[in-house]
Amino acid sequence: MVNKEKIEEAVKLLLEGIGEDVNREGLKETPARIARMYEEIFSGMDESSEIFLAKRFHVENNDVVMEKDIVFYSMCEHHLLPFYGKAHVAYIPNGEVVGLSKLARTVETFAKRPQLQERMTNQIADAIMEQLGAKGVMVMLEAEHMCMTMRGIKKPGSRTVTCVKRGEFETNDSLVRDFYRMLSK
């Protein structure tokens with residue numbers, strides 16, 4: 001649960017630390033605005049992907065299901081700067097599927113936390129494998145990190161790509177090729 005009072009106090013200290021006047025007209029309400037924003041940005045802290053993956057539908061076949069280009073926004077836990085991009089999620093059902101929006105909600109749950117892209121990729125894959133009982137899953141995230149583009153090395157447009165495979169995707173190269181083929185369409 002987000003503690004808005006602590007966030008507001010921290011923002012005031014931060015503003016003072018950079019030499020700003022926290023009573024200046026443009027900054028008076030900034031601590032409260034940031035507290036409300038952080039409540040939204042970090043709402044995944046109090047959510048579980050289990051909620052979204054619990055509602056399932058029985059299917060006759062176990063063909064690959066892919067949801068691609070799921071836009072997400074997250075915050076790098078190292079610098080508290082945004083990283084954002086697209087998630088591509090494919091899984092092989094084991095007699096049950098979830099609604100496609102539930103895959104996007106699963107991505108969003110893990111994105112709305114202080115995060116590392118590498119960890120987030122694994123968390124999404126593991127949640128689908130464990131909670132849906134999928135035969136296999138493959139997840140790819142492509143993201144631009146503001147800690148790389150607006151500070152430090154300053155390389156705007158650079159993208160970080162992470163990819164994990166679980167279950168049948170780990171042992172079946174044909175499934176991996178299908179993933180990339182479906183992704184390129």
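Note that the structure is a prediction, hence the values are computed from the model and not measured.
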A.B. asks: Pair Val22, Val11 - check side-chain contact (heavy atoms from CB on, under 4.5 Å), show working.
C.D. replies: CA-CA 9 Å; Val22 296; Val11 171; over 6 Å; no

A.B. asks: Test your reading of the model: is there a side-chain donor-acceptor pair from Thr149 to the backbone of Pro156, 3.5 Å cut-off?
C.D. replies: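 Answer holds: no.
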
A.B. asks: Could you work out, with side chain to side chain donor-acceptor pair (under 3.5 Å) as the rule, every residue matching Thr109, not counting sequence neighbours?
C.D. replies: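 Checked Thr109 against side chain to side chain donor-acceptor pair (under 3.5 Å); matches are Glu47.
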
A.B. asks: Which pair of heavy atoms, one from Gly95 and one from Asn62, lies closest together, and at what distance?
C.D. replies: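 Heavy-atom minimum between the residues: N-OD1, 2.9 Å.
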
A.B. asks: More than 12 non-hydrogen atoms from neighbouring residues, nucleotides or ligands closer than 6.0 Å to CZ on Arg105, yes or no?
C.D. replies: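 It does not: Arg105 CZ has 12 such atoms or fewer within range.
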
A.B. asks: Got Leu81 and Met75 here, is their nearest side-chain heavy-atom distance under 4.5 Å?
C.D. replies: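 Contact flag for Leu81/Met75 side chains = no.
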
A.B. asks: Under the side chain to side chain donor-acceptor pair (under 3.5 Å) test, which residues partner Asn122, sequence neighbours left out?
C.D. replies: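 So Asn122 forms a side chain to side chain donor-acceptor pair (under 3.5 Å) with Arg166.
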
A.B. asks: Out of curiosity, does Val65 fall in the hydrophobic cluster containing Leu175 (side-chain heavy atoms, cut-off under 4.5 Å, transitive links)?
C.D. replies: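 Not linked; separate clusters.
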
A.B. asks: Please find the pair of heavy atoms, one from Asn23 and one from Lys28, that lie closest to each other, and give the distance.
C.D. replies: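 Heavy atoms only, the tightest pair is O-CE, 3.0 Å.
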
A.B. asks: Same cluster for Met45 and Val2 if Ile/Leu/Val/Met/Phe/Trp/Tyr side chains link at under 4.5 Å?
C.D. replies: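 In one cluster: yes.
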
A.B. asks: Count the heavy atoms of every other residue, nucleotide or ligand shown that sit under 6.0 Å from CD of Glu5, and state whether that count exceeds 12.
C.D. replies: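 For Glu5, atom CD is not crowded (no more than 12 foreign heavy atoms under 6.0 Å).
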
A.B. asks: Between Arg56 and Val97, is there a donor-acceptor pair closer than 3.5 Å when you use the side chain of the first and the backbone of the second?
C.D. replies: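 No, Arg56 side chain to Val97 backbone: no donor-acceptor pair under 3.5 Å.
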
A.B. asks: Nearest heavy-atom pair of Gly44 and Arg113: which atoms, and what distance?
C.D. replies: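 Looking at all heavy atoms of both residues, the shortest contact is O-NE, 2.9 Å.
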
A.B. asks: Could you go through the side-chain contact (heavy atoms from CB on, under 4.5 Å) check for Lys4 and Glu39 one step at a time?
C.D. replies: CA-CA 8 Å; Lys4 289 185 191 178; Glu39 184 176 42; 3.0 Å; yes

A.B. asks: Would you say Met182 has more than 12 foreign heavy atoms packed within less than 6.0 Å of its CE?
C.D. replies: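 Count over threshold, so yes.
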
A.B. asks: Please examine the side chains of Glu96 and Pro93, heavy atoms only from C-beta on, and report whether any two atoms are closer than 4.5 Å.
C.D. replies: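 Not in contact.
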
A.B. asks: Do Gln117 and Thr162 have side-chain N/O donor and acceptor atoms under 3.5 Å apart?
C.D. replies: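 Indeed, the side chains of Gln117 and Thr162 share at least one donor-acceptor pair under 3.5 Å.
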
A.B. asks: Verify side-chain contact (heavy atoms from CB on, under 4.5 Å) between Val107 and Met120, making sure each step is shown before the conclusion.
C.D. replies: CA-CA 8 Å; Val107 169; Met120 183 175 150; 4.1 Å; yes

A.B. asks: Of all the heavy-atom pairs spanning His79 and Cys147, show the shortest one and how long it is.
C.D. replies: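 Nearest heavy atoms, His79 then Cys147: ND1-CB, 3.4 Å.
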
A.B. asks: Check whether any side-chain N or O of Arg151 sits under 3.5 Å from a backbone N or O of Met148 as a donor-acceptor pair, and report yes or no.
C.D. replies: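 Judged by distance alone, no pair lies under 3.5 Å.
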
A.B. asks: Is it true that, when you exclude Lys68 itself, more than 12 heavy atoms of the residues, nucleotides or ligands shown sit nearer than 6.0 Å to its NZ?
C.D. replies: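 Atom NZ in Lys68 is packed in, count exceeds 12.
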
A.B. asks: Could you tell me if Arg119 and Gln115 have a donor-acceptor pair between their side chains, going purely by distance under 3.5 Å?
C.D. replies: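 Side chains of Gln115 and Arg119: pair found under 3.5 Å.
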
A.B. asks: Between Leu80 and Cys76, is any pair of side-chain heavy atoms under 4.5 Å apart?
C.D. replies: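 In short, these two side chains do not touch, never coming nearer than 4.5 Å.
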
A.B. asks: Would you call the rings of Phe179 and Phe169 parallel, tilted or perpendicular if under 30° counts as parallel and over 60° as perpendicular?
C.D. replies: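 If you compare the ring of Phe179 with that of Phe169, the planes turn out perpendicular.
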
A.B. asks: Is it the case that the side chain of Glu9 and the backbone of Lys6 share a donor-acceptor pair, with hydrogens and angles ignored and the cut-off at 3.5 Å?
C.D. replies: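 No, because the side chain of Glu9 does not come within donor-acceptor range (under 3.5 Å) of the backbone of Lys6.
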
A.B. asks: Could you tell me whether Gln123 atom CD has more than 12 heavy atoms of other residues or ligands within 6.0 Å of it?
C.D. replies: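 Check passes, neighbour count above 12.
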
A.B. asks: Please tell me whether His88 and Glu142 have a donor and an acceptor in their side chains that are separated by less than 3.5 angstrom.
C.D. replies: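 Per modelled atom types, His88 and Glu142 side chains form a pair under 3.5 Å.
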
A.B. asks: Under a 3.5 Å threshold, yes or no: a donor from one side chain and an acceptor from the other, between Ser49 and Thr106?
C.D. replies: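 Per modelled atom types, Ser49 and Thr106 side chains form no pair under 3.5 Å.
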
A.B. asks: Do any N or O atoms from the side chain of Asn94 and from the backbone of Ala134 form a donor-acceptor pair under 3.5 angstrom?
C.D. replies: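 No, the answer is negative, given that no donor and acceptor are paired below the 3.5 Å cut-off.
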
A.B. asks: Rounded to the nearest 0.5 Å, how far does CD1 of Ile92 lie from CG of Asn172?
C.D. replies: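 That separation rounds to 7.0 Å.
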
A.B. asks: The criterion is side chain to side chain donor-acceptor pair (under 3.5 Å); which residues satisfy it with Glu50, sequence neighbours excluded?
C.D. replies: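 Residues passing side chain to side chain donor-acceptor pair (under 3.5 Å) with Glu50: none at all.
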
A.B. asks: Between Val98 and Tyr91, does the side-chain contact (heavy atoms from CB on, under 4.5 Å) criterion hold? Intermediate values first, please.
C.D. replies: CA-CA 11 Å; Val98 292; Tyr91 72 99; 3.9 Å; yes

A.B. asks: Atom OG1 in Thr160, atom CG in Leu116: separation rounded to 0.5 Å?
C.D. replies: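 Interatomic distance, Thr160 OG1 to Leu116 CG, rounded to 0.5 Å: 11.5 Å.
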
A.B. asks: Between Val89 and Phe72, is there a shared hydrophobic cluster once you connect ILVMFWY residues whose side-chain heavy atoms come closer than 4.5 Å?
C.D. replies: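 In one cluster: yes.
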
A.B. asks: Output the distance between atom CG (Asp46) and atom CE (Met1), rounded to the nearest 0.5 Å.
C.D. replies: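 Output value for this atom pair is 5.5 Å.
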
A.B. asks: With a 4.5 Å heavy-atom cut-off, do Tyr84 and Met146 have their side chains touching?
C.D. replies: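 Yes - at least one pair of side-chain heavy atoms lies under 4.5 Å apart.
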
A.B. asks: Flag the pair Lys185 / Arg181 as yes when at least one side-chain heavy-atom distance between them is below 4.5 Å, and no otherwise.
C.D. replies: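 Of all side-chain heavy-atom pairs linking Arg181 with Lys185, at least one is under 4.5 Å.
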
A.B. asks: When you look at CE of Met150, are more than 12 heavy atoms from neighbouring residues, nucleotides or ligands closer to it than 6.0 Å?
C.D. replies: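 Not more than 12 within 6.0 Å, no.
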
A.B. asks: Roughly how far apart are Cys163 SG and Met140 CE, rounded to 0.5 Å?
C.D. replies: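 Going from the SG atom of Cys163 to the CE atom of Met140 covers 4.5 Å.
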
A.B. asks: Measure the CD1-CZ distance between Ile7 and Arg33 for me, rounded to the nearest 0.5 Å.
C.D. replies: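 Rounded to the nearest 0.5 Å, the CD1-CZ separation comes out at 15.0 Å.
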
A.B. asks: Hey, quick one: are Val59 and Leu132 part of the same hydrophobic cluster, counting side-chain heavy atoms closer than 4.5 Å, chains of contacts allowed?
C.D. replies: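 In one cluster with Val59: Leu132, yes.
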
A.B. asks: Would Arg24 and Glu20 count as a salt bridge (Lys or Arg N to Asp or Glu O under 4.0 Å) if you check the C-alpha gap in whole Å, the side-chain angles of each, and the deciding distance to 0.1 Å?
C.D. replies: CA-CA 8 Å; Arg24 186 166 60 81; Glu20 268 292 354; 3.1 Å; yes

A.B. asks: If you take all heavy atoms of Lys112 and Ser43, which pair is closest and at what distance?
C.D. replies: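 Scanning both residues completely, I find the closest heavy atoms to be CD-OG, 3.2 Å.
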
A.B. asks: Between Ile34 and Leu13, is there a shared hydrophobic cluster once you connect ILVMFWY residues whose side-chain heavy atoms come closer than 4.5 Å?
C.D. replies: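 Per the 4.5 Å side-chain linkage, Ile34 and Leu13 are not co-clustered.
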
A.B. asks: Taking the side chain as C-beta and beyond, is there a heavy-atom pair between Leu103 and Ile124 under 4.5 Å?
C.D. replies: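 In short, these two side chains do not touch, never coming nearer than 4.5 Å.
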
A.B. asks: Can you tell me how far CE of Met138 sits from CD1 of Ile128, rounded to the nearest 0.5 angstrom?
C.D. replies: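 Here the interatomic distance stands at 13.0 Å.
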
